[in-house]
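The block underneath contains the structure these notes are about, expressed in structure tokens.
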Amino acid sequence: MAEVPVGAWLHAVVRDADPATLAAIRGMDGGPVRAVSAAGLVAVVSSASLDEYGEEPLRRNLEDLAWLERAARAHHAVVEALARRGPVVPARLATVHSDDERVAQSLDARRDELVHTLDRLTGRGEWGVKAYLAPGEVTVGTGTTGAGGVGTAYLRRRRAQLTAREERQQVASAAADAVHVALCEVAVAGRRHAPQDRRLSGASAPMVLNGAYLVDVATLPSFTDMVGSLNGRHPGLHLELTGPWPAYSFVVEGPEPALTGREPG
């Protein structure tokens with residue numbers, strides 16, 4: 001029986017990695033992750049059977065939502081464990097190299113960019129702030145039937161309800177803009193992602209802000225105080241603070257493809 005080829009699933013790049021730490025972190029195959037060192041940096045990788053993680057099978061698997069969720073959770077668990085020990089440059093999900101030599105070549109090619117990113121992330125963490133429309137029904141007085149009868153009165157009420165909802169959404173959108181601007185004044189950097197729909201967020205209220213903020217450890221108390229202050233300043237919104245997270249939102253994507261058993265390009 002032919003031996004199954006094994007590639008390297010790239011999780012992240014760090015400055016250095018303690019072997020004992022890596023031995024305690026489980027990778028994509030359930031075994032410990034390992035280090036690939038080059039250019040003064042360390043890539044943390046998992047062994048990945050190319051029967052499952054090679055280019056063609058990976059393309060198919062990425063269409064399977066259950067498989068994708070499992071892979072994303074396993075990948076994130078490794079990145080999160082590394083981030084607890086220092087700055088980390090997370091790799092895009094499903095960055096798979098055919099072997100460790102290709103991983104080392106990627107470190108050589110991207111050294112300046114990776115070093116710059118690690119320097120920028122040192123002493124900082126990513127925090128998320130989500131803003132939801134605060135509960136509260138839009139109420140419109142029923143009034144009298146007036147001219148035109150019951151049907152006309154219903155249409156009038158319905159139009160008033162829709163107008164009130166639109167106005168509420170506009171007010172909430174402006175408040176979300178103000179929250180983001182205020183948080184960016186305290187954070188090193190901020191980014192707005194597309195609001196998640198309710199099926200993904202799990203919240204009953206619509207999301208109007210899905211922000212990510214890179215925050216210095218020294219200014220974190222000021223940042224959290226600002227979130228609390230803004231929560232009170234905008235009663236139409238409910239703000240939710242999460243983190244710290246690995247700095248996914250503040251890593252510049254390199255030229256590496258998401259699937260690679262060969263050289264980029």
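Computed from a predicted model, the values in this text were never measured in an experiment. When reading the values below, keep in mind they use all heavy atoms of this one structure, side chains included, and skip hydrogens, waters and symmetry mates.
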Answer with yes or no whether the hydrophobic clustering places L50 together with L58; edges join I, L, V, M, F, W, Y residues whose side-chain heavy atoms lie under 4.5 Å apart. yes

Once you round to the nearest 0.5 Å, how far does CZ of R34 lie from CD1 of I25? 14.0 Å

Provide the full list of side chain to side chain donor-acceptor pair (under 3.5 Å) pairs with a residue in residues 230-241, sequence neighbours left out, each pair given once. S229-R233

Kindly give the heavy-atom pair with the smallest separation between A187 and F223, and that separation in Å. CB-CE1, 4.3 Å

Passes salt bridge (charged side-chain N to carboxylate O under 4.0 Å, His left out), R73 versus E69? Steps please. CA-CA 6 Å; R73 287 183 183 278; E69 182 177 2; 3.1 Å; yes

Would you find a donor on one side and an acceptor on the other, under 3.5 Å apart, between the side chain of E52 and the backbone of P57? no

Without placing hydrogens or testing angles, list every side-chain donor-acceptor pair under 3.5 Å for residues 177-184, not counting sequence neighbours.
unit_1 : atom_1 : unit_2 : atom_2 : d
D177   : OD1    : R192   : NH1    : 2.6
H180   : ND1    : Y213   : OH     : 2.8

Answer yes or no: is there an ion pair linking D119 with R124, defined by an N-O contact shorter than 4.0 Å? no

Indicate the atoms forming the closest heavy-atom contact of V78 with R26, along with that distance. CG2-O, 3.3 Å

Keeping E126 on the side-chain end and P244 on the backbone end, is there a donor-acceptor pair under 3.5 Å? no

R111 side chain to A39 backbone, donor-acceptor under 3.5 Å: yes

From L209 CG over to L239 CG, what is the distance, rounded to the nearest 0.5 angstrom? 7.5 Å

When clusters are formed by joining ILVMFWY residues with side-chain heavy atoms under 4.5 Å apart, either directly or through shared neighbours, do W245 and V186 land in the same one? no

Tell me whether D99 contacts the main-chain N or O of G7 through its side chain, where contact means a donor paired with an acceptor under 3.5 Å. no

Check: S46 side chain, A48 main-chain N or O, donor-acceptor pair, under 3.5 Å: no

Tell me the closest heavy-atom pair linking L107 and L41, and the distance in Å. CD1-O, 4.1 Å

What's the shortest heavy-atom distance between A17 and L22, and which atoms? CB-CD1, 3.9 Å

Examine distances only and state if a side-chain atom of D64 and a backbone atom of W67 form a donor-acceptor pair shorter than 3.5 Å. yes

Aromatic ring proximity Y53/W9, centre distance under 6.0 Å: yes

Nearest 0.5 Å, please: how far is NE2 in H75 from CE in M28? 8.0 Å

Verify the cluster assignment for V42 and V45: are they in a single hydrophobic cluster under the rule of side-chain heavy atoms below 4.5 Å apart? no

Nearest 0.5 Å please: distance from the CD atom of E56 over to the CG atom of N61. 11.5 Å

Within the side chain of T122, is there an N or O that forms a donor-acceptor pair under 3.5 Å with the backbone of L118? yes

Are L230 and L237 co-members of a hydrophobic cluster defined by side-chain heavy atoms under 4.5 Å apart? yes

Is the shortest side-chain heavy-atom distance between V129 and V227 below 4.5 Å? yes

Flag yes if V33 and V36 sit in one hydrophobic cluster, no otherwise; membership is Ile, Leu, Val, Met, Phe, Trp, Tyr, and two members link when side-chain heavy atoms are under 4.5 Å apart. no

Salt-bridge test for R59 and E55: reply yes if a basic N is under 4.0 Å from a carboxylate O, no otherwise. yes

Measure the spacing between CH2 of W127 and CG of L241 and express it to the nearest 0.5 Å. 6.0 Å

Within a radius of less than 6.0 Å around NE2 of H193, do more than 12 heavy atoms belonging to other residues, nucleotides or ligands occur? yes

Checking side chain to side chain contact (heavy atoms under 4.5 Å, CB included) for the pair E185/M226: CA distance, chi angles, key distance, verdict? CA-CA 10 Å; E185 291 177 355; M226 177 63 77; 5.7 Å; no

Can you check whether L121 reaches L214 side chain to side chain, under 4.5 Å on heavy atoms? yes

Would you say D216 and V188 make side-chain contact, with heavy atoms under 4.5 Å? yes

Grab the two heavy atoms, one from P32 and one from A23, that are nearest each other, plus how far apart they are. CB-O, 3.7 Å

Side chain to side chain, V79 and Y248, heavy atoms closer than 4.5 Å: yes

Hey, can you pull the donor-acceptor pairs under 3.5 Å for the side chains in residues 80-91, sequence neighbours left out?
unit_1 : atom_1 : unit_2 : atom_2 : d
R85    : NH1    : A81    : O      : 2.7

Interatomic distance, D100 atom CG to S47 atom OG [nearest 0.5 angstrom]: 7.5 Å

Sub-3.5 Å donor-acceptor pair from the side chain of D225 to the main-chain atoms of G228, do we have one? no

Any idea which heavy atoms bring A205 and L133 closest together, and the distance? CB-O, 3.2 Å

